[in-house]
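Note on naming: letters A, B, ... go to the chains in the order of the sequence lines (proteins, then strands), and numbering restarts at 1 for each one. Computed from heavy atoms alone, side chains included, the values below leave out hydrogens, waters and symmetry copies. No experiment lies behind these values; they were computed from the predicted model shown.
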Amino acid sequence: MHPIHVETAKDIQNVNRRTSVTPMAIAHVGRKRLPFVGSYLPIVVLVIWQAVCSLQLVIPAILPSPLEIAVAFWQLTRSGVLISDLKISLIRVVFGFLLGAGLGLVTGAFAGLYKRFEDVVDPSVQMLRTVPHLAITPLFILWLGLGEWSKDVLIATGAFFPMYMNTFMGIRSVDAKLFEVARVLQFNRVQQFTKLMLPAALPNVLLGLRLAIGVSWLGLVVAEMLGSSSGVGYLILNAQQFSQTDVVFVGLIIFALIGKLSDSFVRLLERRLLRWRDNYIG
Amino acid sequence: MSAIEELVIRDLSKTFISSQGALSVLRDIDMQIPQGEFVTVIGPSGCGKSTLLKIIAGLDAQHEGDVTLDGEPVRASGVDKGFIFQEHRLFPWLTVEENIAANLSLKHREVRDKVDKMIHLVHMDGFAKTYPRQLSGGMAQRVAIARAFIRDPKVLLMDEPFGALDAFTRAHMQEVLLDVWLQNQTTVILVTHDIDEAVVLAQRVVVMSAKPGTIRTIVPIDLPYPRKRSSTAFLELRREVLNQLEAHMMEAHAVISAPLNDEGGQ
Ligand SMILES: Nc1ncnc2c1ncn2[C@@H]1O[C@H](COP(=O)(O)OP(=O)(O)OP(=O)(O)O)[C@@H](O)[C@H]1O
Ligand SMILES: [Mg+2]
C-alpha cells in the first residue's frame, strides 16, 4: 500500500474521490469487522476448559472435558438416539410454536385493527398473561394426559403471548399521519392492510416472533422433563439420573445450537424485510 | 361559466378543544373557487392554513360550516383529490417509484410509464429504487409531489410543497405545476410563505390573518401566464400582498402589547 500524501485542497478532493464509498459503507469505515469475531470467546473458554480437565483439576462426573463431550456426542449420534430425540423435540416445538404464534398473530392483529375486539379480548389476555405459563403445566397434564397434546398446548400457550402483544402494538404504532395519506390516496381496506398496517407493524411482529421462539424452547424443555419418555429434554433428565454429565452437556449443546440457528433465521428475515429501516447499528 | 363545478366554503369555523381549553383556529371562512382556478393562500405561521386545507380535503370533519365540492360535502374518499402535506409523508418501506405508484400497480404498463415520466419530471432520475431514508428533504418532497401529480386529481391541495427546495428546483417545480394545472384544468389551492410564489402562480391570492384565522383580503392577480417577476404590474401586486401581510403583523403586535381582555371570545 502506498501512503497517501495530502498536499493541497485538490489532493484532498482526489483522495475523497478515490476513497468514495457507498453511504452504507461510511458507517463502518475505520471499524473493520474481524472475521468470526463472535466465536473468539467460546474458543477461549473451550481451550481453558480442556486444559482444566486434562490437568485433572476437576472430577469428570462433575465436569467432563470438551473432548469427552464430543465423544459422547458422536456415540449418541451414531446409535441414532440423538437424532430420534431431536426429531421428536423439533416436531413438538414447531407444531406448538405454529399453533401458539399463529393464534397470537391473528388475535393480536384483530385486537389492533378493531377497537371493539380489543375491548372484549384484551383484558382477559392481559390477565392470563400474568400467570407464569409453566405453572399451568400440571393442569394441562391433568386435562390432556401425558401425550403429545399437553406438550403442544403448553408450548403454544407460551408462544401466544409475545406474538399477541407485539402484533397488537405494531398495528397500534402505525403513524396516524400515514393513515391520512392512505385516505387521500383512496386505499381500499385490503390496501390499507397490506400497504400500510402490515409493513408498519412488521418490526414489532418480527420481535414477537423472536420472543415466541425463545419461549417455545422453554416450554418444550419443561414439557419433556415433567412427563415424557422421549425428546432432548428427556435425554438430559435421564442422563442426570444416571450421572452422565457428558450427555447432559450434549443436550445443552443441541439446545444452544438450535436456539442460535433459529435466532439467526429471524435476524436474516429482519434484514431482508426491514431493509428500509434506518437504525443505529452500534 | 358553469356555476355547478366549484368548491364552496361557507361559514367555516374550526375550534380545537384540548385540556388547555378551546382554541379558535379558523373563523367565518367564506370562499368560492370555480373548477380550474389556481388559488394561493398566504398568512403568518399558525394562522390555520394547514387546518383549512385538511378540512377542504375532507380529512377533518369536526368543524362548523360547510365545504362542498360540486354541491356534495367533501369526503377524504370522494372525488380525486391530490394532497401534498407540509411534511413529505412518504411510506418509509416503499422505494421512490413504489411511493409514487402507492396503491397503483407498477406491473401495469400504463402506470409504469407514468411513474417513469413523473420521476423524470421532478428530476429524480436514478433514484427510482431508493428508500426515503436515503433522500434529502427536498428530494422526498419532490417524490410526494410526483405521487400527487400522477393521479391527475381534480382538486390539488398543496401545503407549502416547495418549502424545502433550492431556488432553481423551486422555479422548475413551479413550472411543472403550472403545466399540470393548465393541461388538466385542476383546481389548485396552494399554501405558501413565499410572497413571490403566491403572486407568480395564482389567479387569486388569499391573505389570511391569525388568532383566529380569518381571510383578511383576497388579491386577484390578473396577469397572463407565464409571468415575469420583473414586470411593473407584477411588482405592484406583490407590494399589495406584502402590505396586507405587514399591516396584519403590525395590528397583531399592537394587540399583544395591549392589556389582555377576554381572550378567544365565544
Ligand atoms: N391537532 C391539533 N390539536 C390542537 N391544536 C392544533 C392541532 N393542529 C393545529 N392546531 C393549532 O391550530 C393552529 C393552526 O395550525 P396550522 O397547522 O393550521 O397552522 P399553519 O397556518 O399551517 O402554520 P404554518 O404556516 O406554521 O404551517 C395552531 O395554533 C396550532 O397550534
Ligand atoms: Mg401549516
For B:L90, is it the side chain, the backbone, both, or neither that has a heavy atom closer than 4.5 Å to a heavy atom of chain A? backbone

Contacts with chain B made by residues 163-184 of chain A (heavy-atom distance under 4.5 Å), listed by residue number: A:K177, A:L178, A:E180, A:V181, A:R183, A:V184

Residues in residues 45-61 of chain B near chain A [non-hydrogen atoms, under 4.5 Å]: B:K54, B:G58, B:L59

Evaluate whether atom OH of A:Y40 has more than 12 neighbouring non-hydrogen atoms of other residues, nucleotides or ligands under 6.0 angstrom away. yes

What part of B:F85 gets closer than 4.5 Å to chain A, counting heavy atoms only: side chain, backbone, both or neither? side chain

CZ/A:F255: more than 12 non-hydrogen atoms of other groups inside 6.0 Å: yes

Closest approach of B:F91 and A:L196, non-hydrogen atoms and distance? CE2-CD1, 3.8 Å

Over 12 non-hydrogen atoms of neighbours within 6.0 angstrom of NE2 in B:H193: yes

Region of B:E98 in contact with chain A, defined by heavy-atom distances below 4.5 Å: neither

Quick one: does B:N103's side chain have a donor or acceptor within less than 3.5 Å of a partner on A:L185's backbone? yes

What's the shortest heavy-atom distance between B:R133 and A:W276, and which atoms? NE-O, 3.1 Å

Which residues, numbered in order, of residues 139-151 of chain B come under 4.5 angstrom of chain A by heavy-atom distance? B:R147, B:R151

A:F117 CZ: over 12 foreign heavy atoms closer than 6.0 Å: yes

Would you say B:Q185 has more than 12 foreign heavy atoms packed within less than 6.0 Å of its CD? no

Going by side chain to side chain contact (heavy atoms under 4.5 Å, CB included), name the residues that satisfy it together with B:Q32, two or more places apart in sequence or in a different chain. B:E6, B:V8

Chain B contact via A:L202 - which portion, at a heavy-atom distance below 4.5 Å: neither

